Each structure stands twice: as structure tokens, then as C-alpha cells.
Amino acid sequence: MQPSILAVNGGSSSIRLALYESASQRLLLSGLIACDGTSPASIGVAAEQLISWLESKRTGSTIVAAGHRIVQGMTHTAPARITPQLLDGLRRVAPFDAEHMPLELALIDSIQRHYPQLPQFACFDTAFHRDLPQVARLLPIPRRYAAQGVRRYGFHGLSYSY
């Protein structure tokens with residue numbers, strides 16, 4: 001069995017995934033599942049479909065880690081291993097990204113249920129925007145909010161940098 005890495009991208013209306021061979025980074029399989037991310041039930045069904053599809057297609061490889069694209073990382077500026085503490089923080093900021101975060105969290109939870117020992121990692125779109133010039137971070141924000149720590153974040157940074 002060859003070690004492989006699962007890459008998961010939960011968008012607002014779809015789940016994209018790819019499985020890569022660890023050593024060569026060769027693409028082993030990829031897929032797309034369209035989903036209606038408007039209800040918790042549909043998000044859960046889509047996440048479970050992803051796992052079923054993955055298990056039906058995956059042969060000759062063992063998944064050693066999963067990586068997730070997370071749109072709203074708030075102050076996270078580097079990839080991080082998903083821990084209960086990180087998940088708690090992501091759940092707290094979910095209202096700031098109601099389009100993506102519920103699906104992303106459901107995918108993390110589903111993979112955790114099916115592969116409880118599998119290490120999962122988050123890569124944050126907000127990391128791409130961490131070095132915005134001061135003027136770009138503050139220009140659209142009233143000064144009274146900026147003084148309280150509010151700043152501008154950008155989204156889809158990983159897609160842009162790719």
C-alpha cells in the first residue's frame with residue numbers, strides 16, 4: 001500500500017478532492033461533488049457521499065493525512081494541524097463565513113469519524129492576505145473599529161496564489 005495524502009476543498013456549493021501519492025506527489029484520483037450547502041442535513045449527506053466515493057475508488061493506497069482548504073482562518077497565517085482547540089476556534093468564527101465554514105467543518109468531522117487516527121491539517125486562505133500593506137488593511141475600516149482590532153481580511157487567497 002502506497003502512502004497518500006487527501007486534499008479537500010469544501011466550497012459554498014461543492015466539494016473538490018484529490019488524492020496524491022506522498023512520495024511522488026502524483027495525482028491518484030480526483031473528484032467533485034455538487035451539494036446544496038444551505039442545510040445541515042445536505043452538508044452531512046454530501047460529506048458522507050465523499051467518504052463513500054473515496055472508499056469505492058481508492059485502491060492500492062493508504063491515506064496518511066488529510067489537508068483542508070479553510071477560507072476564513074481569521075488570524076491564522078500558517079497551515080496548522082487540526083486539534084479540538086482549533087476546531088473550537090473555527091466553530092466560533094463560522095458566522096463570519098456562513099457560505100463555506102459549515103461545509104468545511106462537516107468535512108473535517110466526517111473524515112474524523114471515518115478515520116479517527118488520521119491527522120488532518122488546515123490551510124487558510126487568510127494566510128495569503130497576512131502581509132497586506134497597512135493602508136490596504138485599514139482603508140475600508142472606520143478608525144474606531146481598527147483601534148479595537150478589526151482588520152480587513154481577503155478571501156480565496158490560496159486559489160489566487162496557485
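The shown structure was predicted, so the numbers you read here are calculated from the model rather than taken from an experiment.
Side-chain atoms of Glu104 come within 3.5 Å of backbone atoms of Val71 as a donor-acceptor pair (strictly under, hydrogens ignored). Side-chain N or O atoms of Ser22 include one that pairs as donor or acceptor with a backbone N or O of Pro3 at under 3.5 Å. Judged by distance alone, with hydrogens and angles left aside, the side-chain atoms of Ser4 form a donor-acceptor pair with the main-chain N or O of Thr62 at under 3.5 Å.
Residues Ile15 and Leu107 form a side-chain contact, since some pair of their non-hydrogen atoms from C-beta on lies under 4.5 Å apart. Between Tyr20 and Leu6, the closest side-chain pair of non-hydrogen atoms is not below 4.5 Å. Looking only at side-chain heavy atoms (C-beta outward), Ile108 and Val8 stay at 4.5 Å or farther from each other. Between Leu54 and Ile63, some side-chain heavy-atom pair lies under the 4.5 Å cut-off. Here the side chains of Arg91 and Leu105 are in contact, with some heavy-atom distance below 4.5 Å. Residues Gln120 and Gln112 meet the side-chain proximity criterion, which asks for heavy atoms closer than 4.5 Å. The closest side-chain heavy-atom distance from Gln2 to Leu28 is below 4.5 Å. Contact of the Leu19 side chain with the Lys57 side chain is not registered, since no non-hydrogen atoms from C-beta on lie closer than 4.5 Å.
Among residues two or more places apart in sequence or in another chain, the salt bridge (Lys or Arg N to Asp or Glu O under 4.0 Å) test is passed with Arg16 by none.
Donor-acceptor pairing under 3.5 Å is recorded for the side chains of Glu48 and His114. A donor-acceptor pair shorter than 3.5 Å can be found between the side chains of Glu21 and Ser24.
Separation of atoms CD1 (Ile70) and SG (Cys123) is listed at 8.5 Å; rounding is to 0.5 Å.
One hydrophobic cluster, built from ILVMFWY side chains closer than 4.5 Å, holds both Trp53 and Ile111. Two different hydrophobic clusters hold Ile5 and Phe121 under the rule that ILVMFWY side chains link at heavy-atom gaps under 4.5 Å.
The two residues Leu27 and Leu29 come nearest to each other via the heavy atoms CD1-O, 3.3 Å. Closest approach of Leu118 to Ala66, counting heavy atoms only: CD2-CB, 4.0 Å.
More than 12 heavy atoms of other residues, nucleotides or ligands lie within 6.0 Å of CD in Glu55, so this atom counts as buried by the packing criterion.
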Start with the C-alpha gap between Thr83 and Asp88, add the side-chain angles, then the distance that decides, and say whether side-chain contact (heavy atoms from CB on, under 4.5 Å) holds. CA-CA 9 Å; Thr83 63; Asp88 287 345; over 6 Å; no

